[in-house]
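This report refers to the structure that appears directly beneath it.
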Amino acid sequence: MQRRHFLHTALHTGAAAALGLPGVQLHAATGPATGAPRFLMVFLRGGMDAASLLPPVSSSFYYEARPDIAIAKPDADLTSALPLTADWGLHPALRDTLYPLYQQGELAFVPYSGTDNLSRSHFETQDSIELGQQNHSSTAYGSGFLNRLATQLQGRAPATSAAPMAFTDQLPIALQGELRVPNTSLRNLTKPSVDTRQSRIIAAMYQGTALEGTVQSGFAVRDQVMREMSAEMDAASRGAITAKGFELDARRIARLMREQYALGFVDVGGWDTHVAQGGATGYLASRLDELGQGLAAFSQEMGSAWRNTVVVVMSEFGRTFRQNGNRGTDHGHGSVMWVLGGAVRGKQVVGEQVQMTAATLFQNRDYPVLNEYRSVLGGIFKRQWGLSDSQLKTVFPGFKGARDWGLI
């Protein structure tokens, strides 16, 4: 059984209130020294659609494959893609939040990234990434790559210390292992009420008529479908917080990482977009907007520590390149990694790439994985903390080498 560690040390009420956190406190570890590297991993659970976040605007096949949900090529229209390079655009929902960071050179992207896990299962692929071990080999469950990274960083001089923290309900697999790591929940525990007033009014209108049974049956079917869709999304999200309200959570995380923790993990759910995904507007656009607001707030709240910070945003896999019959997308393979921070050499889209055509699809459906996520992270860790190749092989067993595209 996988181990779950829960935070149980008490915090002073005043400190908790100042952070906007519940009346429980986090662990009294020595904070990172001024100038120490900080790393935050933001894991998007559910399979975020890379081709909407980073539309391949030079590909005519992209627009053929997504007649209803493609993001228009960059132009003066506010619903068109934001220009990054000749081949890539950025979703317009990020115009006021992350696009300025890109233009300032503090945000970069690595498309065609991911893992060689081909299950297309949320749970198996999430576990595979968090474990950080070589697939198709003996797996050491309960040993996550961020725990192994934190272990490698233990005992260093204060200037490079990296006290870890998981900003999650339960300790994620990525931070499970030999080193004891605390976690704290950022979730709002109050459940929003569901307003059924309109449904009741409509049902009352048809009460006692020949259509009463039809109306009641229609509402019953609708509710059942909503429950089933919600159950699938909740399962894919594995209890992660949602993008809605992420700005407040991100500010809380920043205050803690600025003062106390230098290695963090948070997961954000709600990216399983099988139905009515939307394009420049709609469900996915709203999630990206909320996530962008949170990441921008995090950068602001970090203050001077932002100069030494790297944030990596990634999902377990991307989604099918072609839209499905429900104007959504299904479980895919290749994805995109976002790398942002004051320590990042941004304003670039890096890594191995191909022109997107029907012939370059993986298994005739997905983005291929050309940039293995461990190689990308290995290059970042090597730059941030000066880890040797042997140390990186401890963090990522079976590791074949870091890729350095000048991200740090």
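Nothing here was measured: the structure is a model prediction, and the numbers come from that model.
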What is the distance from atom OG of S58 to atom NZ of K73, rounded to the nearest 0.5 Å? 8.0 Å
Chi angles and distances behind the side-chain contact (heavy atoms from CB on, under 4.5 Å) call for V57, I71: CA-CA 8 Å; V57 294; I71 308 300; over 6 Å; no
For residues V181 and A166, report the shortest heavy-atom separation together with the two atoms involved. CG1-N, 4.4 Å
R322 versus N364: any side-chain heavy-atom pair under 4.5 Å? yes
Begin from the C-alpha positions of T79 and D77 and carry the test side chain to side chain donor-acceptor pair (under 3.5 Å) through to its verdict. CA-CA 5 Å; T79 62; D77 192 324; 2.9 Å; yes
Should the pair Y367 and F321 be assigned to parallel (<30°), tilted (30 to 60°) or perpendicular (>60°) ring geometry? perpendicular
Salt bridge or not for R255 and E259, using N-O below 4.0 Å? no
Before accepting this row, confirm whether a basic side-chain N of the pair E372/K400 lies closer than 4.0 Å to the acidic partner's carboxylate O. no
Got a salt bridge between D272 and R45, using NZ or NE/NH1/NH2 to carboxylate O under 4.0 Å? no
State whether the side chain of S335 and the backbone N or O of G114 hold a donor-acceptor pair below 3.5 Å, judged by distance alone. no
Q176 side, atom CD; Q170 side, atom CD - distance, nearest 0.5 Å: 9.0 Å
Is it the case that the side chains of Q353 and W88 hold a donor-acceptor pair, with the cut-off being a distance below 3.5 Å and no angle test? yes
Could you walk me through whether E316 and E124 satisfy the side-chain contact (heavy atoms from CB on, under 4.5 Å) test, starting with their C-alpha distance in whole Å, then the side-chain angles of each, then the deciding distance to 0.1 Å, before giving a yes or no? CA-CA 9 Å; E316 67 263 33; E124 183 175 331; over 6 Å; no
Nearest non-hydrogen partners of S315 and M48, listed with the distance: OG-N, 3.0 Å
For E247 and A297 the tightest heavy-atom approach is CG-CB, 3.5 Å
For F298 and T309, the nearest pair of non-hydrogen atoms, with its separation, is CE2-CG2, 4.0 Å
Do you know which of L107, L44, L40, L53 makes side-chain contact (heavy atoms from CB on, under 4.5 Å) with V313? L44
Residue pair Q104, K347: steps toward the side-chain contact (heavy atoms from CB on, under 4.5 Å) verdict: CA-CA 7 Å; Q104 291 164 206; K347 207 173 185 179; over 6 Å; no
I want to check something: taking the side chain as every heavy atom from C-beta on, are M41 and E130 in contact at a cut-off of under 4.5 Å? no
Between S80 and D75, does a side chain to side chain donor-acceptor pair (under 3.5 Å) hold up when you go through it step by step? CA-CA 6 Å; S80 66; D75 63 24; 3.1 Å; yes
Which is it for L387 and L149 under the side-chain contact (heavy atoms from CB on, under 4.5 Å) test, yes or no, and what are the steps along the way? CA-CA 10 Å; L387 297 186; L149 171 64; 3.6 Å; yes
Considering the options F39, F265, F396, which one meets the ring pair (Phe, Tyr, Trp, His ring centres under 6.0 Å) requirement together with F145? F396
Any cation-pi pair here, R287 with Y283, using under 6.0 Å and within 45°? yes
Could you walk me through whether Q277 and S52 pass the side chain to side chain donor-acceptor pair (under 3.5 Å) test, one step at a time? CA-CA 10 Å; Q277 173 177 306; S52 284; 3.2 Å; yes
Is any side-chain heavy atom of F43 closer than 4.5 Å to one of P172? no
Where is the tightest heavy-atom contact between P164 and Y261, given as atom of each residue plus distance? O-CD2, 3.5 Å
Sidechain-backbone polar pair: N183 side chain, T168 backbone, donor-acceptor under 3.5 Å: yes
Within-4.5 Å side-chain heavy-atom neighbours: R120 and D366: yes
Begin with the C-alpha distance, continue with both residues' side-chain angles, and end with the deciding distance and a verdict on side chain to side chain donor-acceptor pair (under 3.5 Å) for W385 and Q391. CA-CA 11 Å; W385 288 288; Q391 288 176 310; over 6 Å; no
Interatomic distance, CZ@R66 vs CD@Q323, rounded to 0.5 Å, equals 8.0 Å
So, D87 versus T85: side-chain donor-acceptor pair below 3.5 Å or not? no
Aromatic ring pairing Y102/Y99, orientation class (parallel under 30°, perpendicular over 60°, tilted between): parallel
Note: Y62 and P56 closest approach over all heavy atoms is CD1-CD, 3.7 Å
Which residue is it: V110, V42, L54, L291? I am looking for the one with a side-chain contact (heavy atoms from CB on, under 4.5 Å) to W338. L291
With H333 as reference, evaluate F317, Y112, F362 under the ring pair (Phe, Tyr, Trp, His ring centres under 6.0 Å) test and give the passing residue. F362
Give a yes or no answer on whether the side chain of R38 reaches the backbone of M257 with a donor-acceptor pair at less than 3.5 Å. yes
